[in-house]
Amino acid sequence: MADMPTPCLAAEEFQRRLLNWFDQYGRHDLPWQTPRSAYRVWVSEIMLQQTQVATVIPYFERFMARFPTLEALANAPQDDVLHLWTGLGYYARARNLHKAAQVALEDHDGELPTTSVEALMALPGIGRSTAGAIIAQSSDKQSSDKQRSDKQIPGQQAAILDGNVKRSMTRLHAVSGWPGKPAVERSLWALAEYYTPDTRLADYTQAIMDFGATLCKRSKPHCLICPFNDVCRAYAQGEPQRFPESKPKKTLPTRETIMLMLRDRQGRVWLERRPPSGLWGGLWSLPQFERHGDLNDWLADHVVAPERHAPLVSFTHTFSHFRLSITPQPVNCDRLNGVREDGVWYDVNDPPTLGLAAPVKSLLSQLATFTLDPAPGPSR
DNA sequence: AAGTCGGGGAA
DNA sequence: TTCCCAGACTT
């Protein structure tokens, strides 16, 4: 802990103030809190990585209805898992979650190894913070429960460092530098570890997240009613929202792609599976081409009697690190030339269970509106 | 240490 | 528009 900033309060006093605030103002009715189980906490934590609570809730409910247990998840086809992840993004989370469930079923008797942070981190998709969150939330029950769970390991301490904790800690201690930088992150971890208690661990963990999410917000923090405003160094400096420093910005490059909307006489659309890792890994997508020449070659090779229509209007899909300009190209045909195992005819009116990239899903749903036209492909 | 990996909510 | 969200993983 050599690089830990001077704490703004003694750990015990910090915990006392935070838990007192939590008992009165914390969130106690999130879907993964009742009923609480290691499996439900785990799934929620994975979904919540880089994703807002309000976005996650409907996905979480659907996921739990389809996969109520770790075993149900482990035994499901990957297409089913990605289907329920469609639109949530960061699909490696779903692939890793699925894989980790299978590992837990094989190696840990069908349960999450919540005995240690290290055991959890050995599973794909679980890093240090997510491991800490799972340990914390399955280590003891609600504060109101007087009797403790048998599985609780007394005195176990597991810290988290999510966006909420990073924001709170940088403000309370006026930590400069972007938290994504390893040196800054190290000092934030040190603070997080310092304040984390070994009693009421679940409540403390939920409390520090609720504090960041509802009081010490990114913009317009409620400093006047904050239980720490007497010791907060950012507040003392007068501009708490100046912390944390923002990520250095760089201009996003733009890539172009043509998406082939190949339809047969029944109005079905040809989809192909993406490679198992990388962008949109494991999802199904329209065939993509960088240039019209490549598209023409593909049609000549694989399609019997293609009828090209005018391209649809292009649109831009933005990723974290680049923009993708998409030009949809409708083509009608009788059938494919030969049998292909790497694709499927997607019936919009009877959609199969599989994962779709968001812009592909959007295009397919638009298609449904004029699927009965004898000569589809309105030009613009 | 920097890049990859989504999509959407909010200002 | 821009920022960033209960981050992890690869290079």
Side-chain angles (χ1 to χ4, degrees), chain A residues 26-27 30-33 40-60 82 85-97 99-100 120-137 158-168 177-186 188-189 192 202 205-214 216-220 241 244-253 255 274-275 277-283 285 316-324 355-362:
Chain A
R27 294 177 291 189
L30 294 168
W32 39 90
Q33 294 176 325
R40 290 167 60 86
V41 168
W42 172 42
V43 172
S44 74
E45 289 299 331
I46 300 301
M47 286 187 169
L48 286 160
Q49 288 170 1
Q50 296 293 288
T51 311
Q52 296 178 358
V53 169
T55 302
V56 162
I57 288 175
Y59 284 87
F60 178 81
L82 289 175
W85 215 272
T86 290
L88 199 54
Y90 283 153
Y91 299 94
R93 295 184 295 174
R95 301 194 302 268
N96 287 333
L97 184 70
K99 176 62 179 175
L120 282 173
M121 287 181 68
L123 294 172
I126 300 180
R128 183 175 172 187
S129 186
T130 298
I134 295 171
I135 292 277
Q137 308 218 33
I160 65 167
L161 186 61
D162 69 337
N164 293 306
V165 181
K166 287 177 179 172
R167 184 170 52 257
S168 305
W178 174 51
K181 274 187 102 66
V184 179
E185 188 169 331
R186 272 195 301 277
L188 294 177
W189 265 116
T205 302
Q206 188 61 47
I208 192 65
M209 290 190 286
D210 289 356
F211 176 77
T214 67
C216 198
K217 299 184 294 182
R218 177 159 64 99
S219 58
K220 297 190 206 169
Q241 64 274 28
E245 288 184 20
S246 57
K247 172 181 178 175
K249 45 177 159 285
K250 52 183 184 298
T251 57
L252 300 181
R255 304 179 200 169
R274 306 263 315 168
S277 65
L279 189 71
W280 293 338
L283 302 185
S285 180
T316 300
H317 185 78
T318 303
F319 294 89
S320 309
H321 50 304
F322 69 95
R323 295 186 219 283
L324 186 62
L356 294 171
V360 174
K361 182 177 184 180
S362 173

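Numbered from 1 within each chain, the chains take letters A, B, ... in sequence-line order.
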N/O donor-acceptor pair, side chain A:T130 with base C:dG7, under 3.5 angstrom | no
In whole angstroms, the gap separating C1' of C:dA6 from NZ of A:K217 amounts to 17 Å
query: Under 3.5 Å, is there an N or O donor on one side and an acceptor on the other linking the side chain of A:T318 and the base of B:dG7?
result: no
Whole-Å distance, A:L324 CG to B:dC5 P, equals 12 Å
Margin query: I want to check something: taking the side chain as every heavy atom from C-beta on, are A:T55 and A:M47 in contact at a cut-off of under 4.5 Å?
Written below: no
Notebook entry, point to check: OP1 or OP2 of B:dG6 less than 4.0 angstrom from a side-chain nitrogen or oxygen of A:H317, does that happen here?
Noted result: no
Quick note, A:Q137 side chain, CB onward, closest among B:dG6, C:dA6, B:dG7 is C:dA6
Ranking A:L356 and A:A183 by the position along DNA chain B of their nearest nucleotide, the one closer to 5' is A:A183
Taken to the nearest whole Å, CD/A:E245 to P/C:dT2 is 20 Å
message: What contact category does A:Y90 fall into here, base, sugar-phosphate, or nothing, at under 4.0 angstrom with non-hydrogen atoms?
response: base
> Base, sugar-phosphate, or nothing: which does A:L88 touch, judged by heavy atoms less than 4.0 Å apart?
Replying inline: base
Base, sugar-phosphate or nothing for A:S129? Non-hydrogen atoms, less than 4.0 Å.
sugar-phosphate
ask   = Does B:dC5 have OP1 or OP2 sitting under 4.0 Å from an N or O in the side chain of A:W85?
value = no
* Asked: Across the strands shown, which category fits A:E185 at heavy-atom distances under 4.0 angstrom: base, sugar-phosphate, nothing?
  -> nothing
Taken to the nearest whole Å, CD1/A:I160 to P/C:dC5 is 13 Å
*Would you sort out whether A:I46 and A:T130 count as a side-chain contact (heavy atoms from CB on, under 4.5 Å), showing the intermediate values?*
CA-CA 7 Å; A:I46 300 301; A:T130 298; 4.1 Å; yes
**Touch class at under 4.0 angstrom, heavy-atom based, for A:W32 against every strand present** = base
**OP:** Identify whether any heavy atom of A:V56 sits under 4.0 Å from a base atom; if not, whether one sits that close to sugar-phosphate; answer base, sugar-phosphate or nothing.
**Re:** nothing
**Asked** Counting any heavy atom closer than 4.0 Å, what does A:A358 reach on the DNA or RNA strands: base, sugar-phosphate only, or nothing?
**Response** sugar-phosphate
Rounded to whole Å, CZ of A:R95 lies from P of C:dT10 at a distance of 11 Å
Check your understanding: Under a 4.5 Å cut-off applied to non-hydrogen side-chain atoms, are A:W32 and A:V43 in contact?
Key -> no
Item to check | Rounded C1' spacing from C:dC4 to B:dC5 in Å | outcome: 15 Å
key: Between B:dG3 and C:dA6 - P atom distance, rounded Å   = 24 Å
Are the side chains of A:Y59 and A:T51 in contact, using a 4.5 Å heavy-atom criterion? no
Notebook entry, point to check: Reckon A:Y91 has a side-chain N or O less than 4.0 Å from the OP1 or OP2 of B:dG7?
Noted result: yes
Quick note, A:R167 side chain, CB onward, closest among C:dC5, B:dA2, B:dG6 is C:dC5
Out of C:dG7, B:dA2, B:dG7, minimum distance to the side chain of A:K181 belongs to B:dA2
Over all strands shown, is A:L30 touching base, sugar-phosphate only, or nothing at heavy-atom distances under 4.0 angstrom?
base
| Side chains of A:E185 and A:L161: closer than 4.5 Å at any heavy-atom pair? | yes
Got a list of protein N/O to nucleotides 9-11 of chain B N/O distances below 3.5 Å?
from  : atom 1 : to    : atom 2 : distance (Å)
B:dG9 : O4'    : A:Q52 : OE1    : 3.3

Exercise for the section: Write down the distance separating the P atoms in C:dA8 and B:dG8, rounded off to the nearest Å. Expected result: 23 Å
*Quick one: are A:V165 and A:I160 in side-chain contact, heavy atoms under 4.5 Å?*
yes
When rounded to whole Å, the CG to P distance for the pair A:L279 and B:dG3 reads 17 Å
A:Q50 has its side chain closest, among C:dA6, C:dG7, B:dA1, to C:dG7
### Message
Whether the side chain of A:R167 engages the backbone of A:G212 through a donor-acceptor N/O pair (distance < 3.5 Å, no angle test) should be reported.
### Response
yes
- [ ] Check whether any side-chain nitrogen or oxygen of A:H321 sits under 4.0 Å from OP1 or OP2 of B:dG3, and answer yes or no.
- [x] no
task: Measure the shortest side-chain to side-chain distance between A:R95 and A:P124 over non-hydrogen atoms and say whether it is less than 4.5 angstrom.
output: no
Would you call A:Y90 and A:Q50 a side-chain contact if the rule is heavy atoms closer than 4.5 Å? yes
A:F322 and A:L279, any side-chain heavy atoms less than 4.5 Å apart
yes
Of the candidates C:dT2, B:dG6, C:dC4, the side chain of A:K247 sits closest to C:dC4
A:I46 CD1 to C:dA8 C1', in whole Å, measures 9 Å
To the nearest angstrom, the CZ-C1' distance between A:F319 and C:dT2 comes to 18 Å
